[in-house]
Peer 1: 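My questions all concern the structure below.
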Amino acid sequence: MKKAPFVAAALIAPAFALIPSAHAQEGNSRPQPVVQPLTIPLPADKPYPGTMALKVDATDVARGIFHVRQTIPVARAGKLTLLYPEWLPGKHAPRGAIAELAGFKASASGKPLVWTRQPTDVYAFDVEVPAGVKSIDVAFDFLSPTRTSEGRVVVTPAMMNLQWEQVSLYPAGYFTRQIPVQLDVTLPDGWTGASALDGLKVSGNRYSYAPTNYEVLVDSPMFAGKYYRKWDLGNKVTLNVVADEAKYLEASPDHIARHAALVSEAVALFGVRHFDRYEFLLALTEELGGIGLEHHRSSENSRNPDYFTKWNDNDSERGLLPHELTHSWNGKYRRPDRMWTPDFRTPMQDNLLWVYEGQTSFWDLVLAGRSGMQSKEMVLAEWATNAGFYSAQAGRQWRSVEDTTLDPVIAARKPKPWPSWSRGEDYYNEGSLTWLEADMLIRQATNNAKSLDDFARAFFGGREGDWGQDSYDFDDVVAALNAVHPHDWAKFLRDRLQAPNQPAPVAGFERAGYRLVWRDTPNVYDRDRMAQAKNADLTHSLGMVVDKDGVAGSILWDGPAFRADIVNGTKILAVEGMSYSRERLETAVRTATDGKTPVRLLVERGGRYRNVDIDYHAGLRWPHLEKAGGGPDWFDRLLTPRRAL
C-alpha cells in the first residue's frame, strides 16, 4: 500500500466535504475481474506413463534438512504441472508444508528448465518440457522446523519422522493411486528405519523399496532412529519404537502382552484385518514434535519417554495406539464418500468425522479397557471429564457437533481466545459419548444380545486383507444401525450431532446405570492429565486452567474468571497476598465456600497489574461417574474382553 502524503491539519477539508455523491462514484475507475482459466488438469483414473524415482537424503540431522531428488517420466513436450500435496488424509484440512520447500530446480539431461509457480494455487509448479525429453529431474530441499515456533519438529539428534508428502511432488491429471513411484532414502549412519512400504533392501544406510503407487507412498511414513527396538504383537502387527535414549526401550513382557491383547481385541471386534501387515511407529520422546496420525497399514504415534519405564504413571497416555489402530478399519478402509479424494489437491468435506473420528474415539476407550491397556476406572474417568466439559460449554447453544467437523479447516488447530464459546473439534469426544449412548440403547433393547460391536463387524468388516477403500454416506450409517436394531437412527443422529443447543451428552451413562456427579477431588484422568501438563484444571470452579507458572488459559465463557475480566494469558502473581502456587489457589477456593470470602488475586497482563476478587463460593469441582442403584453394571458388559483368553 502506498503511503499517503503528509497534509497539514489546517488544510484538511471538513469531513462532510470528503464524502462523494453517488453520481461522483459512478465516474470512478471500476475494473472488472480477470477470468481465471482452469490451468491444472483434473485427476483422471488412468495409468501414468512411467515410474517416478524419489531419492531422499536424510543424513543432515544437525540442520534438519532433507535433500530431495526426483526423476519424473513425461509423455510429451509442453507444460507439466507438478503438485505438492495439500489436502492430507488424517489431517482433515489443507496442511501441506509448502512453506518449507526451498531451492526448487527442474532440469532435463543436465540442462535447466523454466518453471513458474501458479499464483492461484501456490502448491502447483508448471515446468516447460522441451520436445524429445522423456523425463525431467527435480531437486529441492525440505527445511524441517528446528523449533516449535516454526512448526512441528520432525528431526532430532536421535530420531526422525519422514513423511513422504513433505519431500515429494506428483504430476497433476492423475489419480494418485495410478502414479508409480520407487523410493530410496539415505539415513544417518547407524540408524534404523521402519515403514509399512514393501520390498525393502538395505545397503549400508540406504533403504530402497519396491515400486508402489503415490497414494500408498504418502500413506506409509517412516520413523527412524539411533535407538530402536521392535516387538511382534501377533496378527501380523509389529510394534516399532524409537526413543531419545536407549534406556526408554526397556519394556517388560507384560507391557508387550497388553499391546498384543489390544491387537487381538481389535481383530475380534471387526472380524477381519484390513492390512496384510501393520506397523505401529512409536516415538518415545520429549524432542520430536507430538503426533498421532492414522494410516492403513501403520500409524505415527509419540508418547513421553517414560511410556514403558513409568508404566503405572501413564495410564492416561495409553489411549493413542488403540485410537490409531482402530482407524485402519474406521477412516482408512471405510471412509466418508466426500472425504475420499482422488489426489491431494481435491478438498475434503469433513461432515461425517463424527463417525470417522467420533466412533474411533469410542472404540479406543473400549479396546483399551478390554485389552488392559487402560483400567476401567481410567476409561470411565475420561468419559466423565468430557461430559463434564460439555455440560458447561456455552458454544453448544449455537454450534452443532457436525459443524465442529469443519473446525480443522476453519481454525487450523490454532489456539482460540474463548474456546468454550467458539467450540473446537468436539466431534471426537462428543462423538464418542453419542456412540456410547447408541451402544447402551441397543444393549438394553436386546437384553445385551446385540450391541455396537455388531455394527462394527458389519460396517467396518468385509474381506480379509482388503486395504482398499469403501466409502459411505449418512444413509449407509443409518441402514447399518437399523440392521442391528430397528430404531429411528436418523433422528437420533440428527438430533444429537446436527442440531445445536442439545442437552449435555450424559444419556449413555444413565443407560449404563451411572450418573455424572461432582466431587472436590479430581478423577484419575484429570489427575494424571494435570500431572503431565503441570497445570491446575479449575474449569468447573473458577472457570479457567492455570499452568505451572500461574498463567491462566481456557477461560470458561461466562464463568467466574470471565466475569472478573480474566482472559487467556493473564498471569496470577499472588493469591491472598502470597506468591502464586497451585496449592494456595486451591486453598483459597476451599476457603471461599464460607459464602463470604472471595478468591483474592493479584494479576498481571501486558505490564498492567490489578487486584481481582472472584465472587465464587461453590468449592473445587471435578466430574466423576458414580454407580446409580443396584442394577447391572452395563459398563462391565461393554468392557468384557472378546478375545480368546
Peer 1: Excluding sequence neighbours, so at least two apart, what forms ring pair (Phe, Tyr, Trp, His ring centres under 6.0 Å) with Y525?
Peer 2: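 So Y525 forms no ring pair (Phe, Tyr, Trp, His ring centres under 6.0 Å) with any residue.
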Peer 1: Run the ring-centre check on F280 versus H259 and record whether the distance is less than 6.0 Å.
Peer 2: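 Not under 6.0 Å, so no.
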Peer 1: How about T326 and D364: does a side-chain donor come under 3.5 Å of a side-chain acceptor?
Peer 2: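 No donor-acceptor contact under 3.5 Å links the two side chains.
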Peer 1: Hydrogens and angles aside, do E294 and H323 bring a side-chain donor and acceptor to less than 3.5 Å of each other?
Peer 2: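 Looking only at side-chain atoms, H323 and E294 do not form any donor-acceptor pair under 3.5 Å.
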Peer 1: Between D565 and R605, is there a salt bridge with N-O shorter than 4.0 Å?
Peer 2: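 The answer is no: the pair does not qualify as a salt bridge.
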Peer 1: Ring centroids only, cut at 6.0 angstrom: are H540 and F389 within range, meaning strictly under it?
Peer 2: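 No, the ring of H540 stays outside the 6.0 Å limit from the ring of F389, centre to centre.
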Peer 1: Which of these, E430, R399, R423, sits in a side chain to side chain donor-acceptor pair (under 3.5 Å) with Q393?
Peer 2: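 Among the candidates, only R423 passes.
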Peer 1: Using the rule salt bridge (charged side-chain N to carboxylate O under 4.0 Å, His left out), only one of R413, K91, K414 pairs with E425; which is it?
Peer 2: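 With E425 as partner, R413, K91, K414 yield a single salt bridge (charged side-chain N to carboxylate O under 4.0 Å, His left out), made by R413.
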Peer 1: Determine whether a donor-acceptor pair (N or O, by modelled atom type, separation under 3.5 Å) exists between the side chain of N386 and the backbone of E382.
Peer 2: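 Judged by distance alone, yes, a pair lies under 3.5 Å.
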Peer 1: Over 60° means perpendicular and under 30° means parallel, so tell me whether W421 and W557 are parallel, tilted or perpendicular.
Peer 2: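 It falls in the parallel class, under 30°.
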Peer 1: Would you name the heavy atoms of M373 and Y307 that are closest together and state the gap between them?
Peer 2: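 In terms of heavy atoms, the two residues are closest at CE-OH, 3.6 Å.
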Peer 1: Might you work through the side-chain hydrogen bond (donor to acceptor under 3.5 Å, both in side chains) test for H327 and E357, ending with a clear yes or no?
Peer 2: CA-CA 8 Å; H327 272 316; E357 294 288 6; 2.9 Å; yes
Peer 1: Atom NZ of residue position K416 - does it have more than 12 heavy atoms of other residues, nucleotides or ligands inside 6.0 Å?
Peer 2: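 It does: K416 NZ has more than 12 such atoms within range.
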Peer 1: Looking only at atom types and distance, does a side-chain atom of E586 sit under 3.5 Å from a main-chain N or O of R582, one as donor and one as acceptor?
Peer 2: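 No, the answer is negative, given that no donor and acceptor are paired below the 3.5 Å cut-off.
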Peer 1: Does one side chain, of N523 or T385, offer a donor that lies under 3.5 Å from an acceptor on the other?
Peer 2: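 Yes.
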Peer 1: Is the Lys NZ or Arg CZ of R318 less than 6.0 Å from the centre of W311's six-membered ring, within 45° of the axis?
Peer 2: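 Pair R318/W311 counts as cation-pi.
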Peer 1: May I ask you to decide if R600's main-chain N or O and E576's side chain share a donor-acceptor pair within less than 3.5 Å?
Peer 2: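 A pair under 3.5 Å: yes.
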Peer 1: Find the distance between NE2 (H67) and CZ (F140) and round it off to the nearest 0.5 Å.
Peer 2: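 H67 atom NE2 to F140 atom CZ measures 12.0 Å (nearest 0.5 Å).
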Peer 1: So, Y428 side chain and G431 main chain: donor-acceptor pair closer than 3.5 Å or not?
Peer 2: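 It does not hold such a pair.
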Peer 1: Does any N or O in the side chain of D549 come within less than 3.5 Å of the main-chain N or O of V551, such that one atom is a donor and the other an acceptor?
Peer 2: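 No.
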Peer 1: Under a 3.5 Å distance rule, please check whether D594 uses its side chain to pair with a backbone N or O of K596 as donor and acceptor.
Peer 2: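 Yes, the answer is positive, given that a donor and an acceptor are paired below the 3.5 Å cut-off.
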Peer 1: Using distance alone, with no hydrogens and no angle criterion, decide if Q532 and N314 have a side-chain donor and acceptor under 3.5 Å apart.
Peer 2: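 The criterion, which ignores hydrogens and geometry beyond distance, is satisfied for N314 and Q532.
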Peer 1: Going by distance alone, is a donor N or O of one side chain under 3.5 Å from an acceptor N or O of the other, for S579 and R584?
Peer 2: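 Yes.
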Peer 1: Main chain of P347, side chain of R338: is a donor-acceptor contact present, judged purely on distance under 3.5 Å?
Peer 2: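 Checked: no pair found.
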Peer 1: Any sub-3.5 Å donor-acceptor pair from N568's side-chain atoms to P417's backbone N or O?
Peer 2: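 Yes, N568 side chain to P417 backbone: donor-acceptor pair under 3.5 Å.
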Peer 1: Within a radius of less than 6.0 Å around CD of E377, do more than 12 heavy atoms belonging to other residues, nucleotides or ligands occur?
Peer 2: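 12 or below, so no.
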Peer 1: Looking at K548, I want to see if its NZ is surrounded by more than 12 non-hydrogen atoms of other residues, nucleotides or ligands under 6.0 Å.
Peer 2: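 No, the 6.0 Å shell around NZ holds no more than 12 heavy atoms from other groups.
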Peer 1: Is a side-chain N or O of Q502 found less than 3.5 angstrom from the main chain of P500, in a donor-acceptor match?
Peer 2: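 Between the backbone of P500 and the side chain of Q502 there is a qualifying donor-acceptor contact (under 3.5 Å).
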Peer 1: Return yes if a side-chain donor-acceptor contact under 3.5 Å exists between W354 and T405, otherwise no.
Peer 2: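 Judged by distance alone, the side chains do not pair up.
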Peer 1: Can you list everything that forms a side-chain hydrogen bond (donor to acceptor under 3.5 Å, both in side chains) with R345? Sequence neighbours excluded, please.
Peer 2: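 R345 satisfies side-chain hydrogen bond (donor to acceptor under 3.5 Å, both in side chains) with D121 only.
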Peer 1: For E86 and Y84, does a side-chain donor sit closer than 3.5 Å to a side-chain acceptor?
Peer 2: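 Not at all, the side chains of E86 and Y84 share no donor-acceptor pair under 3.5 Å.
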Peer 1: Heavy-atom count around R563 CZ within 6.0 Å, excluding the residue itself: above 12?
Peer 2: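 Enclosed: over 12 neighbouring heavy atoms sit under 6.0 Å from CZ of R563.
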Peer 1: Distance-only, no hydrogens or angles: does the R152 side chain make a donor-acceptor pair with backbone N or O of P145 under 3.5 Å?
Peer 2: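 The answer is no, because no donor-acceptor pair under 3.5 Å joins these two groups.
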